[in-house]
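This report concerns only the one structure given below.
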2 protein chains.
Amino acid sequence: MSQDGVDLETSLGYLLKEASSALRAAMEDVLRPLGMSVTRYSCLELLAQRPGLSNSELARGAFVTRQSMNVLLQTLEEEGLVTRPARAPVGKVLPTRLTPRGRRSLQGATAAVRSVEARMLAGMGEPEQAAAFRALRSMVDALRDGG
Amino acid sequence: MSQDGVDLETSLGYLLKEASSALRAAMEDVLRPLGMSVTRYSCLELLAQRPGLSNSELARGAFVTRQSMNVLLQTLEEEGLVTRPARAPVGKVLPTRLTPRGRRSLQGATAAVRSVEARMLAGMGEPEQAAAFRALRSMVDALRDGG
DNA sequence: GACGGTATGTCAGGATGCTGACATGAGTCA
DNA sequence: TGACTCATGTCAGCATCCTGACATACCGTC
């Protein structure tokens, strides 16, 4: 760098992006050897924690559009990692569930991601983590209603 | 949502992604009317604060690849918002600078983004902001060396 | 001075995600 | 019941960004 930060380095927004970017990169690094992407992992993890989630709910949870999640679900279905009923039990919503194979595929990935998160939190005490959690939640809420 | 969070809602990593996503969405909302994207704004803002940055440095600062930044710079150059020397003064590095027109184009965008950041920080006191800053920086550093 | 390592700018090809649009089903209200 | 609103699943087309690769220029050690 030619010159040290004047303003960007003091901006919480920029730092937020920096942290999120670093986290994503670290996750990609550990997931790649397992043949898994971040979006793929997010989808499976969501389904493990909340079985029966719909396509749209998964999309919101993984921060992608319905359309993107839809093609991902089709792939996962072909690979036998998830199942969706052929016809909607109610409305148009197709509740998705993990197959045993999907659960197995998720195991290693979950462990890898946990280790990344642990590394990220190393050097932070419990109260600092709690403070960070409160701060981030406050930011999310403040940005949401102002939308 | 079908069910309240079991684990994801308590994960700092997930919350970090959520906050970053909300911030980006809010920025896009205020920048779109100005005919500007987040990456475009980031590039111009970087150049305003650190004139003479190279393509690669801009890419790192805006969290995209050199290749992506390169095509953006070509566009900005065609539109007369930035200038790059035809030949590198030293090495291969082409120092980029904002034109007066680029500076003008940036003005409104900067104000808009500042307002978003202000909204994001509303409801947080000074010590909380400082705590959040320290926590995020700690996370970035911890993720970087482990890479 | 020569050499290996590193960083840069740039080109082509491909993967991923998004915007726009449509039909369908559920809930609301007159 | 019928009209209106909203959310969903899905299709097609497009934009964006990335991966891979190459030639070139600096910088260190020898």
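Protein chains get the first letters and strands the later ones, always in sequence-line order, with residue 1 at the start of each.
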Notebook entry, point to check: For Arg40(A), which of Glu28(A), Glu79(A), Glu45(A) qualifies under salt bridge (charged side-chain N to carboxylate O under 4.0 Å, His left out)?
Noted result: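 It is Glu79(A), the one option of Glu28(A), Glu79(A), Glu45(A) that forms the salt bridge (charged side-chain N to carboxylate O under 4.0 Å, His left out) with Arg40(A).
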Is [X] near enough to [N] that one of its side-chain N or O atoms lies under 4.0 angstrom from OP1 or OP2?
X        : N       : result
Thr65(A) : dG17(C) : no
Asn70(A) : dG9(D)  : no
Ser68(A) : dT16(C) : no
Thr39(A) : dG17(C) : yes

Check: Which of the following nucleotides, dT24(C), dC17(D), dG9(C), is nearest to the side chain of Arg66(B)?
Finding: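 The answer is dG9(C).
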Check: Considering only side-chain heavy atoms of Gln67(A), which listed nucleotide, dT8(D), dG20(C), dC18(C), is closest?
Finding: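 Per side-chain heavy atoms of Gln67(A), the pick is dG20(C).
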Check: Among the clusters formed by ILVMFWY side chains lying less than 4.5 Å apart, do Leu72(A) and Leu34(A) turn up in the same one?
Finding: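 Looking at the clustering, Leu34(A) is in a separate group from Leu72(A).
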Notebook entry, point to check: Quick one: do Val93(B) and Leu47(B) end up in the same hydrophobic cluster if we chain Ile, Leu, Val, Met, Phe, Trp and Tyr together by side-chain heavy atoms under 4.5 Å apart?
Noted result: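 Cluster IDs for Val93(B) and Leu47(B) differ.
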For a quick check of understanding: with a heavy-atom distance under 4.0 Å over all strands, which category does [X] fall into, base, sugar-phosphate or nothing?
X        : result
Arg84(A) : sugar-phosphate
Ser56(B) : sugar-phosphate
Gln74(A) : sugar-phosphate

Notebook entry, point to check: If you find the nucleotide of DNA chain D closest to Ser37(B) and the one closest to Lys92(A), which residue's nucleotide is nearer the 5' end?
Noted result: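 Nearest-nucleotide comparison on DNA chain D picks Lys92(A).
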Next item on the list: Using heavy atoms to find the nearest nucleotide of DNA chain C for Gly91(A) and Phe63(A) separately, return the residue whose nucleotide is more 5′.
Entry: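 The residue whose closest nucleotide sits nearer the 5' end is Phe63(A).
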Check: Are any of the side-chain nitrogens in Glu77(A) or Arg84(A) under 4.0 Å away from the carboxylate oxygens of its partner?
Finding: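 Result for this pair is yes, salt bridge flagged.
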Checklist line | Gap between atoms CG and C1', on Leu58(B) and dT8(C) respectively (whole Å) | finding: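 Rounded to whole Å, this separation is 13 Å.
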